[in-house]
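Down below is the structure, laid out as structure tokens.
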Amino acid sequence: MKSLVDSMPIITCAGKNTVGKVATEITSKGYCSTKNMYYFGLKLHAVAFRRKGTIPFPEMLILSAADENDSTVFKKECVGNLNNREIYADKIYSDIPFYKETKESQKLELFTPVKAIKGESPEITKREKRQETCFQRQSQKSDNPLNHYSTG
């Protein structure tokens, strides 16, 4: 079984306002790297079954504060309910030691893009970007679940 994992902001206040005024009891300030913006609001986290040829079917939907890390929410709220599957997710979810344990105990296997290493030489970074581009081209040609996966 294959599942897709992602999150998106639910923005209640954005722009120059420094304090949100809507639903202040449950909202917080967060940063959305996809949109390159700070906002007040919540995050909607989704775990969905991959379905060939159509949009994924939601399995779990979770609301969290905007300032909570996606990976932390996923590990705390979702992983305990998932077994025997491949999970496709963003770079933020890559926690190799954690997923080595779950691979053995729950038969979960996580697939994420390769995360860049700070301080890595520019030559290695360029090479990895070229490899990722080749991987993306090959993925477009094959029946890869990431073809049906969109972010932000």
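As a basis for the values below, the full set of heavy atoms in this structure was taken, side chains included, without hydrogen atoms, waters or symmetry mates.
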Original post:
Same hydrophobic cluster for L110 and V5, using side-chain heavy-atom links shorter than 4.5 Å among ILVMFWY?
Top reply: yes

Nearest heavy-atom approach of D6 to D90 is OD1-OD2, 2.8 Å

Decide yes or no for N84 and M1: does some side-chain heavy atom of the first lie under 4.5 Å from some side-chain heavy atom of the second? no

Is there side-chain contact between F74 and V47, with at least one heavy-atom pair below 4.5 Å?
yes

Applying side-chain contact (heavy atoms from CB on, under 4.5 Å) to S28 and not counting sequence neighbours gives A65, A66, D67

Is the terminal nitrogen or CZ of K29 (NZ for Lys, CZ for Arg) located under 6.0 angstrom from the six-membered ring centre of Y38 and within 45° of that ring's axis? yes

| N69 side chain to S71 backbone, donor-acceptor under 3.5 Å | yes

CE (M60) and CG (L82) are apart, to the nearest 0.5 Å, by 4.0 Å

Output for pair (R50 CZ, R85 CZ), nearest 0.5 Å, gives 14.0 Å

Sequence neighbours excluded, the answer for salt bridge (Lys or Arg N to Asp or Glu O under 4.0 Å) partners of K107 is none

Rounded to the nearest 0.5 Å, the OG atom of S3 sits from the CD atom of E86 at a distance of 9.5 Å

Counting only N and O atoms by type, is there a donor-acceptor contact under 3.5 Å from the side chain of K43 to the main-chain atoms of E68? yes

query: Would I87 and L108 satisfy side chain to side chain contact (heavy atoms under 4.5 Å, CB included), going step by step from the backbone distance to the final call?
result: CA-CA 7 Å; I87 298 172; L108 287 182; 3.9 Å; yes

Separation between CD1 (I10) and CG (L44), nearest 0.5 Å, reads 5.0 Å

Smallest heavy-atom separation, K35 atom then P9 atom, equals CE-CG, 4.2 Å

For the hydrophobic clusters of this structure (ILVMFWY residues joined by side-chain heavy atoms under 4.5 Å, transitively), does one cluster hold both F49 and L4? no

To the nearest 0.5 Å, atom CD1 of I11 lies from atom CE of M37 at 4.0 Å

Just by modelled atom types, is the A89 backbone N or O under 3.5 Å from a matching donor or acceptor in the T112 side chain? no

Test item: Q106 side-chain N/O and V79 main-chain N/O as donor-acceptor pair under 3.5 Å:
yes

Tell me if the OH atom of Y31 is crowded by more than 12 foreign heavy atoms within 6.0 Å.
yes

Between the CD1 atom in I62 and the OG atom in S7, the distance rounded to the nearest 0.5 Å is 11.0 Å

query: Are V73 and L61 in one and the same hydrophobic cluster, where Ile, Leu, Val, Met, Phe, Trp and Tyr link if side-chain heavy atoms are under 4.5 Å apart?
result: no

